[in-house]
Amino acid sequence: MSNEVELRKEVRRRLIELGVNPYPHTLKSKVTPIREVIQSPTPGSYVSVAGRVVGIRRHGALVFFDLVDDGQKIQCSISRGDVDKELFNFFEKFVDLGDYIYVDGSVYYTKKGELTIAVNYIQLLAKALRSPPVKWGHRILDPEVRYRKRYLDIMTNPQVRRIFEIRFKTIEEIRKFMWSKGYMEVETPILQPIYGGAAARPFKTHIWALDTEWYLRISLELYLKRFIVAGFNKVFEIGKNFRNEDIDIEHNPEFTMMESYEAYADYNDIMNLTEELISTVARRVLGTDAVEYPINGETTKVNLSPPYRRISIYEAFREFAGLDVESLSDDRLKEYLDKYSVKIAGGYDRGRAIVKLFDRIVGRNYLMQPTFVIDFPISSSPLAKPHRSRADLAERFELYIGGLELANAYTELNDPEIQASFFREEEVRGARGDLEAHPFDWDFVEALEHGMPPTGGLGLGIDRLVMIYTGVSSIKEVIPFPMVKSKEFE
RNA sequence: GGGCCCGUAGCUCAGCCAGGUAGAGCGGCGGGCUUUUAACCCGUAGGUCCCGGGUUCAAAUCCCGGCGGGCCCGCCA
């Protein structure tokens, strides 16, 4: 292993001795992106390009090699008979896989019809001391290498690169979509004295300047609502949330959410917004809103074009599980909790029990096509407004696609007295051992006391949306640098 | 938190069950080759068998502990 590095360090040293800078500041001349050379191939034209050497095929006096620039590959050839002998020798002696080089030459098609640059000049741009771990276009198989050294994964595999291109285009298109709807993108604190807006354990940190314990945010919700109180009518934020919980196929402790809040809207408006956003962004990023998602090992067509089905959580129970949860006694419900080993932290609560049971037996198993599950039991939703026509329900929806929970949204609770009472209930749950209970946020309640208009809010999991868009079933595949245990530098 | 599986050359893996000199392909290096594209042909170097301990005449192999990774379950309203 150190052998290759040592050999290449020796090459680097010899280059410097010869007066060749292996890491020059400038290129011989301006280059054309390889993408453009490929897009409008012009045999006979003279081009200058730069890129990483990803393949070398030697045939004695003729050598073919591949350059990759910004994910685009082009073949080059260098022929001893056609170029300065020293240049040919320079290539043979000093250019290795992984190096960045500049070349210029004329474009032609080989006998096999491959677009190729007949190289006349080579400039070394950056000497690589390590070669790529696998041939370009091949997959690194070791997941540990893929996640720890993602740059290698992306460098060598265009399909991996494509996933991240889709991810970042998706974020860009969500921004454009929200702006086009009149929303303003705002920023809220990541470091917070009280966390809130979701049920999750937080990361703690120490603020030296204030000598107190603060938290990394677990959601964007409570500060965005403060913007609504402040008089901004439509705001959104795209940012990282941090939840101190386990890492698995659909959870990463650090993940990306888009949250939006709109004055004078309710959860019905937000459902319309959500389905339009997901389909519009899909069309702009993927060119289609018909995607395929692997479900239980089988590729399933998923249609992202609106309207999405809207079904109450009780109806969903009846339809998919054949269970009339609504009329179930608490004792019977507890039997189901035992049967599916569902535990409720902080003591039994009917609403929470129903929602957890739903996650366990309905959501991930049956909701493959986009589905809004609506009207949750009120005790499970301490930041949502009670339902306009049923006191036991909250105006809340969750969006499921491919069995994944993608979004959570409410007609927002704007009655400060009810909010305060919900926080008090959360405090009780916390005291009973529910580590994910909301802490009482007095400052937020005071903000509501100043008056928040009727508001509709949305939280959309960007990572999971990208999973749906790219057809991958692990969140690690869509997070560039997923969380892995740190390792001592070898 | 529980269970299962994995860790051997730069990469992919065999060898482990049944203990006895560390193996292959790709890649590297050297040589050959002027139309290849996972080029090809010949030669060659390359190892803390994840780490530590134990059993044994002898451990990559068996046992224990640890580290790292993957998957499943729990948890994630």
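Naming convention: chains lettered A, B, ... in sequence-line order (proteins, then strands); numbering from 1 in each chain. Small disclaimer: the values here were computed from a predicted structure and weren't measured.
Classification of A:D359 and A:K356 as a salt-bridged pair fails, no side-chain N sitting under 4.0 Å from a carboxylate O. Between A:E319 and A:R309, at least one side-chain N (NZ, or NE/NH1/NH2) sits under 4.0 Å from a carboxylate O, which counts as a salt bridge. One finds a salt bridge joining A:D441 and A:R226 here, because a Lys/Arg side-chain nitrogen approaches an Asp/Glu carboxylate oxygen to under 4.0 Å. Between A:R167 and A:D463 a salt bridge is recorded (basic side-chain N to carboxylate O distance below 4.0 Å). Salt bridge present: A:R310 and A:E275 bring a charged side-chain N and a carboxylate O closer than 4.0 Å. The residues A:R388 and A:D266 are annotated as salt-bridged, a charged nitrogen and a carboxylate oxygen being separated by less than 4.0 angstrom. Of the charged side-chain nitrogens involved, none lies within less than 4.0 Å of a carboxylate oxygen, so that A:E425 and A:R429 do not count as a salt-bridged pair. A salt bridge is absent between A:E436 and A:R201: the closest approach of a Lys/Arg side-chain nitrogen to an acidic carboxylate oxygen does not fall below 4.0 angstrom. A:E10 has a carboxylate O that lies under 4.0 Å from a charged side-chain N of A:R13, or vice versa, which qualifies the two as a salt bridge.
One can place CZ of A:R148 at 13 Å from C1' of B:rG70, the figure rounded to the nearest angstrom. Counting to the nearest Å, the P atom of B:rG74 and the CZ atom of A:R364 are 7 Å from each other. Put simply, CG on A:D153 is 13 Å from P on B:rG70, counting in whole angstrom units. Distance, A:F88 CZ to B:rC33 P: 11 Å, rounded to whole Å. In this structure, CZ of A:R146 is placed 17 Å from C1' of B:rC6, rounded to the nearest angstrom. Counting to the nearest Å, the C1' atom of B:rG10 and the NE2 atom of A:H138 are 16 Å from each other. Taking atom CG of A:N157 as the reference point, atom P of B:rA38 lies 15 Å away to the nearest angstrom. Between A:I475 atom CD1 and B:rC71 atom P the separation is 13 Å, expressed in whole Å.
Within residues 52-61 of chain A, the residues approached by RNA chain B to less than 4.0 Å at the level of any non-hydrogen atom are A:R57, A:R58, A:H59, A:G60, A:A61, in residue-number order. Listed by residue number, A:Y410 are the residues of residues 402-414 of chain A with a heavy-atom contact under 4.0 Å to RNA chain B.
With a cut-off of 3.5 Å on both pairing distances, B:rA45 has no Watson-Crick or G-U wobble partner at all. With a cut-off of 3.5 Å on both Watson-Crick or G-U wobble distances, the partner of B:rC71 is given as B:rG3. The partner of B:rC62, taking Watson-Crick or G-U wobble pairs whose two distances both stay under 3.5 Å, is B:rG54.
Across all strands shown, A:G137 has no heavy atoms under 4.0 Å from either base or sugar-phosphate atoms. Among the protein residues, A:Y147 comes within range of the sugar-phosphate backbone only, with heavy atoms under 4.0 Å from sugar or phosphate atoms but none that close to a base. Within 4.0 Å of A:K476, counting heavy atoms only, lie sugar-phosphate atoms of the nucleic acid but no base atom. Residue-level contact check: A:D359 touches the backbone only, with heavy atoms under 4.0 Å from sugar-phosphate atoms and none from bases. No engagement by A:E250 is indicated, since no non-hydrogen atom pair under 4.0 Å with the nucleic acid exists. Among the protein residues, A:P377 comes within range of no part of the nucleic acid, since none of its heavy atoms lies under 4.0 Å from any strand. Residue-level contact check: A:K111 touches the bases, meaning some heavy atom is under 4.0 Å from a base atom.
Minimum atom distance to the side chain of A:L62 is reached by B:rU35, of the listed B:rG28, B:rU35, B:rC75. Checking B:rU37, B:rU35, B:rG70 against the side-chain heavy atoms of A:P143 singles out B:rG70 as nearest. Checking B:rA77, B:rU36, B:rG70 against every side-chain atom of A:K112, the shortest atom distance belongs to B:rU36. Taking the side chain of A:D96 as heavy atoms from C-beta on, and the options B:rC29, B:rA77, B:rU36, the nearest nucleotide is B:rC29. Here B:rU12 is the nucleotide among B:rU12, B:rU37, B:rG28 with the atom lying nearest to any side-chain atom of A:D142. For A:I249, counting side-chain heavy atoms from C-beta on, the closest listed nucleotide (B:rC72, B:rG69, B:rU36) is B:rC72. In this structure, the nucleotide among B:rU36, B:rG27, B:rC11 sitting nearest to the side chain of A:L97 is B:rG27. The side chain of A:R360 lies closest to B:rC75 when the candidates are B:rU35, B:rC75, B:rA77. Which of B:rC75, B:rG28, B:rA77 sits closest to the side chain of A:H438 comes down to B:rA77. Picking from B:rC75, B:rU35, B:rU12 the nucleotide with the shortest atom distance to the side chain of A:L141 gives B:rU12.
B:rC64 and B:rG28 have their C1' atoms separated by 39 Å, given to the nearest Å. Here, B:rG19 and B:rC26 have their P atoms 33 Å apart, quoted to the whole Å. Comparing the same atom, P, in B:rA24 and in B:rG46 gives a spacing of 13 Å after rounding to whole Å. Separation of the P atoms belonging to B:rG1 and B:rU12 is 30 Å when rounded to the nearest angstrom. Comparing the C1' positions of B:rU37 and B:rC29 gives an interatomic distance of 23 Å, to the nearest angstrom. B:rG7 and B:rC49 have their P atoms separated by 15 Å, given to the nearest Å. Spacing between B:rG3 and B:rG66 at atom P, rounded to whole Å, works out to 12 Å. The C1' atoms of B:rG20 and B:rA45 are separated by 27 Å, rounded to the nearest whole Å.
Between A:R352 and A:R8, the residue anchored closer to the 5' end of RNA chain B is A:R8, taking for each the nucleotide with the nearest heavy atom. Taking the nucleotide of RNA chain B with the nearest heavy atom to each of A:Y108 and A:V145, the more 5' of the two is matched to A:V145.
With hydrogens and angles ignored, no donor-acceptor pair closer than 3.5 Å exists between the side chain of A:E114 and the base of B:rU35. Evaluation of atom-type donor-acceptor distances gives a pair under 3.5 Å for the side chain of A:S79 against the base of B:rU34.
Rounding to the nearest 0.5 angstrom, the gap separating the CD1 atom in A:I140 from the CE atom in A:M155 is 8.5 Å.
Taking the six-membered ring where the residue is Trp, the centroids of A:Y223 and A:F444 are separated by 6.0 Å or more.
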Criterion side chain to side chain donor-acceptor pair (under 3.5 Å) on A:Y336 and A:D338, from CA distance to verdict: CA-CA 5 Å; A:Y336 276 102; A:D338 286 343; over 6 Å; no

Show the numbers, then the answer: is there a salt bridge (Lys or Arg N to Asp or Glu O under 4.0 Å) between A:E405 and A:R364? CA-CA 8 Å; A:E405 184 194 325; A:R364 70 182 61 180; over 6 Å; no

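For A:K385 and A:Y410, the positive end is not near the middle of the six-membered ring at less than 6.0 Å and at most 45° from its axis.
OP1 and OP2 of B:rU12 both lie 4.0 Å or more from every side-chain N or O belonging to A:K135.
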